[in-house]
Amino acid sequence: MKPLEIKGLIIQYYVNNQWVDVVSNVDLDIDERGEILAVVGESGCGKTTLGLAVAGLLPSNAKIARGYIKVFDKDVTSTSNSIKIAMIFQDALTSLNPLLTVGEQIAEIDIHHFKMSKKKAFEEAKKRLAEVGLPTTFVSKYPHELSGGQRQRVLIAMAIAMNPELIVADEPTTALDVTTQARVLILLRDLVKKLGIPMIYITHDLALASQIADKIAVMYAGQIVEYSNKYSLFKEPKHPYTQALLSSIPRVDVDVSELHIIKGEPPTPGSFPRGCRFHPRCPLAFSKCFVEEPIPRKVSSYGYVRCHLYG
Ligand SMILES: Nc1ncnc2c1ncn2[C@@H]1O[C@H](COP(=O)(O)OP(=O)(O)O)[C@@H](O)[C@H]1O
Ligand code: SF4
Ligand SMILES: [Mg+2]
């Protein structure tokens, strides 16, 4: 039983009186508890839509048009399955209730999910705070009294308190400064590893993904263009888009003026180009790329790449 299995997933939004594909034919999986899968791609490529679908939180104008998402063999779209999936969002301030103390919000989860007494739930909340590296006295603080990094830690504590089968973290550190970002990232990684919770980590930042993930899925215009374990992806990136993303990561030994920034803008849903969706920006595009859509090709024991250069 895999913690996560996504097959042939197509998600559409209803916009301007028609259904348009936003996520197309996505196949992904998490093989074991505590495994972290990062989904990486530029803004607008469909990462959040994919994450919301996994968490069963798609907006009302969205639908899963084909394929399935299973968490421990249970279909997330079936209302008869109760699956506990915790979602951690980027913006902690809007995810937290400004009128309740941190302690009340964490305790609420134990009271609601586990029918715990109020007193016991408060004691648990203190333990949760300690677990995410915050002083236990924070139980009586309000969200606005905390820094961005501290609020993000509270969200992590709340996610863990649910005892979830899966965590979906959507750019949880994007709003933080670089140092705080690194600390929160390491905390999250260590916790899910220790507790054996599988996690999807969504980010636009390939460097961040490399710090936290076991496997990386590179997303472009609603499709996964390369899917691999972290080490092979960094050692031998196959898809031209992955190669471009990698070469745009700032390195201490490379002058900023030498950075390769990918030219052009990614296409938007409803106007994905014919053939390979990356062809207008691909330095290696050839005739076939303009007319034929590449299909995913297996390139390792489980990974795949979606590019005509590979068969
Ligand atoms: N509720 C919605 N209705 C219609 N289109 C949407 C909705 N939410 C997002 N989109 C569009 O779907 C595409 C993917 O968005 P999103 O999943 O948020 O991407 P990402 O998280 O990678 O930035 C974008 O073009 C976005 O404008
Ligand atoms: S299929 Fe063609 S256009 Fe697309 S990434 Fe591969 S080489 Fe580039
Ligand atoms: Mg997003």
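Order of listing sets the numbers, starting from 1, for every ligand and every atom in it.
- For E293, the side-chain hydrogen bond (donor to acceptor under 3.5 Å, both in side chains) partners at least two apart in sequence or on another chain are Q223.
- K127 has a carboxylate O that lies under 4.0 Å from a charged side-chain N of E124, or vice versa, which qualifies the two as a salt bridge.
- Checked by atom type, the side-chain pair S95/R151 shows no donor-acceptor distance below 3.5 Å.
- Within the 4.5 Å cutoff, the side chain of L188 has heavy atoms near those of the M199 side chain.
- Side-chain atoms of E165 come within 3.5 Å of backbone atoms of K84 as a donor-acceptor pair (strictly under, hydrogens ignored).
- Side chains of E104 and Y142: no donor on one and acceptor on the other come within 3.5 Å.
- Under the 4.5 Å side-chain heavy-atom criterion for ILVMFWY residues, no single connected hydrophobic cluster contains both Y241 and F286.
- Side-chain contact check for H204 and E42: no donor-acceptor pair (N or O, by modelled atom type) lies under 3.5 Å.
- Taking 2.8 Å as the limit, the number of protein N, O or S atoms around atom 8 (Fe) of ligand 2 is 1.
- Between H239 and F278, the ring planes are tilted. Angles from 30° to 60° get that label.
- When only modelled atom types and interatomic distance are considered, S60 and Y14 share no side-chain donor-acceptor pair under 3.5 Å.
- Taking a cut-off of 2.8 Å, the protein N, O or S atoms nearer than that to the Mg ion (ligand 3) are T48 OG1.
- Salt-bridge formation is detected for the pair D29/K2: a Lys NZ or Arg NE/NH1/NH2 atom is positioned less than 4.0 Å from an Asp or Glu carboxylate oxygen.
- Closer than 4.0 angstrom to ligand 1 sit non-hydrogen atoms from Y13, V15, V22, E42, S43, G44, C45, G46, K47, T48, T49, P59, N61, P269.
- Heavy atoms from other residues, nucleotides or ligands lying under 6.0 Å from CZ of R189 number more than 12.
- The pair K193-E35 does not count as a salt bridge, with every side-chain nitrogen at least 4.0 angstrom from each carboxylate oxygen.
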